[in-house]
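For reference, the structure is listed below as structure tokens.
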2 protein chains.
Amino acid sequence: MRPREFDHDDVLRIAFEQFWRKGVRGTSLSDIARDAGVQRGSLYNAFGSKEALFLQAYERYAGDYLVALQKALGAGSLRKRLIAFFDLTITNFRSGTPPRGCPTTRGLMELGAAEGEGLDEDARQAFANLISRITALVQDALSAGAKRGEFSGNPAAAALHIITVTRGLAVIERAFGDEPQLRKIAAHTVDLVLDKRGR
Amino acid sequence: MRPREFDHDDVLRIAFEQFWRKGVRGTSLSDIARDAGVQRGSLYNAFGSKEALFLQAYERYAGDYLVALQKALGAGSLRKRLIAFFDLTITNFRSGTPPRGCPTTRGLMELGAAEGEGLDEDARQAFANLISRITALVQDALSAGAKRGEFSGNPAAAALHIITVTRGLAVIERAFGDEPQLRKIAAHTVDLVLDKRGR
DNA sequence: CACGTTCTTGACGTCGTGTCAAATACTCTT
DNA sequence: AAGAGTATTTGACACGACGTCAAGAACGTG
């Protein structure tokens, strides 16, 4: 066998960076190939298609992101955990300076939908998977908080609600680009869930 | 002047139908031209570009949608109004049978992002405009409800929260396609906002 | 050291967007 | 009523992107 002339993971990282910044549609395989110093054909050989490449790059990212979220949800009072969770959700929207959308939400709405109606099952599952796992993390935090008397309510329902707000924030961010407002919404949500209404 | 051989509004409707079903990316101007019985070049002459055509088609839809929302938010108890609002938000995701995503959320995440980072100012504003106006409608309903003692809290913050949940639902719908779950989240949100916690 | 397997490379086909100039059809003026 | 003007239509063209394929290249293995 002839050995590969590039590092699989490096290409995934480079590709994801581009996909994140310019969108899947706005990124051509030529762009990625140039950036990675790889021939375009080699990418097809190694990954199959543009969408498959994106999906692999996305799953790489999803792993890292989950770890960060888990850490954020693991220390302090329940309120602190939730605030940290929202914080990470909001700030991770941008990696350096310029705001870029949430990859999951972006990808979900941008991908597939080529022919019939929805997006391909593979892609859908990749995104749904991450969302499910994040929901589980939040639910665990809430359940633990319930035992400590920091929260009264249905952990499953509340977790789902929080995750929904999270996804909504990604959309609002793209529509208005107003980060302070996002934080206000997040704080308000935490108040609602923790039963401290008003402000 | 030579008169146009097609009806401007008809084309807008046909185009939006396609954009909604197959996504902006998944719809080619050839598709629309064929469906509308118009030459592709004529579309460019009349609308300028694919994105411009989508934006005009979208604004046409936005007007109709706003009217429907306003009606839903205008009758019954505050709780009934909010439920009706969420209902319309959820069911309007599909027009006939097959579930198609929320056009606003789809468009926001799919459009632009070609070069630098975000989407063009024109497009962003079109979406942000609809979201703002919907938020205003909800806020009005909440303010009225506050006077009637159906709601205590900050109408602006609550409206923003509700709209965020709404946008989140569009994402969740696309990830899981599970409509009953959407309704549960909606009901839970109404409970939270109206201060009837638990279930 | 040859063999085979995999990767690489460049050319090709197809499709989509957007532009342009020539032809066309209508209206308005005289 | 006829011609001039103007906007629309039409088809051809250029360009870029995705994906495929066959031929060449590089490495491990017997």
Side-chain angles (χ1 to χ4, degrees), chain A residues 1-12 14-58 106-107 110-116 119-120 122-123, chain B residues 1-12 14-58 106-107 110-116 119-120 122-123:
Chain A
M1 295 214 333
R2 178 174 179 176
R4 209 156 260 166
E5 295 182 0
F6 59 88
D7 184 82
H8 199 265
D9 233 52
D10 282 352
V11 170
L12 250 38
I14 291 172
F16 187 74
E17 165 69 20
Q18 303 240 356
F19 282 137
W20 198 4
R21 201 169 26 137
K22 303 185 294 181
V24 176
R25 178 191 195 175
T27 304
S28 75
L29 283 201
S30 306
D31 291 341
I32 296 171
R34 193 181 328 110
D35 232 57
V38 175
Q39 209 74 15
R40 204 167 54 90
S42 296
L43 295 180
Y44 279 99
N45 176 56
F47 299 101
S49 71
K50 184 180 178 176
E51 177 165 325
L53 169 56
F54 170 76
L55 247 47
Q56 290 186 49
Y58 173 76
R106 276 277 284 285
E110 190 178 0
L111 232 68
E115 284 291 324
L119 65 177
D120 352 311
D122 287 352
Chain B
M1 295 211 337
R2 177 174 180 175
R4 210 157 258 165
E5 295 182 0
F6 60 87
D7 185 83
H8 199 264
D9 233 54
D10 281 355
V11 170
L12 249 37
I14 291 172
F16 186 75
E17 165 69 20
Q18 302 239 354
F19 282 137
W20 198 5
R21 200 169 26 137
K22 304 185 294 183
V24 176
R25 179 190 193 172
T27 304
S28 75
L29 283 200
S30 306
D31 292 341
I32 296 171
R34 193 182 327 110
D35 232 57
V38 175
Q39 209 73 14
R40 205 167 55 89
S42 296
L43 295 180
Y44 278 100
N45 176 56
F47 301 100
S49 71
K50 183 181 179 178
E51 178 166 325
L53 170 55
F54 170 77
L55 246 47
Q56 290 187 47
Y58 173 76
R106 276 278 284 286
E110 189 179 359
L111 232 67
E115 282 291 323
L119 66 177
D120 352 312
D122 288 352

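Keep in mind that the numbers below use all heavy atoms, side chains included, and drop hydrogens, waters and symmetry copies. Remember, it's a predicted structure, so these values are computed and weren't measured experimentally. In what follows, chains are A, B, ... by sequence order, proteins preceding strands, each numbered from 1.
In this structure, A:K22 places its NZ atom 14 Å from P of D:dG16, rounding to the nearest Å. In this structure, the NZ atom of A:K50 is 17 Å from the C1' atom of D:dT20, given to the nearest Å. Nucleotide D:dC18 holds its C1' atom 14 Å from the CZ atom of A:R25, rounded to whole Å. Between the C1' atom of D:dA17 and the CZ atom of A:F54 lies a distance of 18 Å, rounded to the nearest Å. Taking atom CZ of residue A:F6 and atom C1' of nucleotide C:dC7, one finds them 9 Å apart after rounding to whole Å.
Annotation: side chain to side chain donor-acceptor pair (under 3.5 Å) contacts of B:E5 (sequence neighbours excluded): B:R2. When the side chain to side chain donor-acceptor pair (under 3.5 Å) test is applied to B:R40, no partner is found at least two apart in sequence or on another chain. Every residue meeting the side chain to side chain contact (heavy atoms under 4.5 Å, CB included) condition with B:A46, not counting sequence neighbours, appears here in chain and number order: B:R4, B:F6.
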- Message: For nucleotides 24-30 of chain C, give me one character per nucleotide, 5' to 3': B if any protein heavy atom sits under 4.0 Å from the base, S if the only such contacts are to the sugar-phosphate, - if neither.
- Response: BBBS---

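For D:dG11, the OP1/OP2 oxygens have a side-chain nitrogen or oxygen of B:Q39 closer than 4.0 Å.
Taking 4.5 Å as the limit, some side-chain heavy atom of A:K50 sits within range of a side-chain heavy atom of A:F19.
For A:R40 against C:dG10, no side-chain N or O and base N or O form a donor-acceptor pair under 3.5 Å.
For A:S28, the listed nucleotide lying nearest its side chain is D:dC18; candidates were D:dT9, D:dC18, D:dG19.
Using bins of under 30°, 30° to 60° and over 60° for the plane-to-plane angle, the ring pair A:F54/A:Y58 lands in the parallel bin.
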Atom pairs and distances, donor-acceptor, side-chain atoms in residues 29-38 of chain B, under 3.5 Å, two or more places apart:
| from | atom 1 | to | atom 2 | distance (Å) |
| --- | --- | --- | --- | --- |
| B:D31 | OD1 | B:S28 | OG | 3.4 |
| B:D31 | OD1 | B:R34 | NH2 | 3.3 |
| B:D31 | OD2 | B:K22 | NZ | 3.1 |
| B:D31 | OD2 | B:S28 | N | 3.2 |
| B:D31 | OD2 | B:S28 | OG | 3.4 |
| B:D35 | OD1 | B:Q18 | NE2 | 3.4 |
| B:D35 | OD2 | B:Q18 | NE2 | 3.2 |

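Side-chain atoms of A:E110 never come within 3.5 Å of backbone atoms of A:G23 as a donor-acceptor pair (strictly under, hydrogens ignored).
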- Task: Might you work through the side chain to side chain contact (heavy atoms under 4.5 Å, CB included) test for B:V11 and B:F47, ending with a clear yes or no?
- Result: CA-CA 10 Å; B:V11 170; B:F47 301 100; 3.8 Å; yes

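Closest approach of B:A123 and B:L111 over heavy atoms only: CB-CD2, 3.9 Å.
Residues from residues 41-48 of chain B lying near DNA chain D, meaning a heavy-atom separation below 4.0 Å, are B:G41, B:S42, B:N45 in numerical order.
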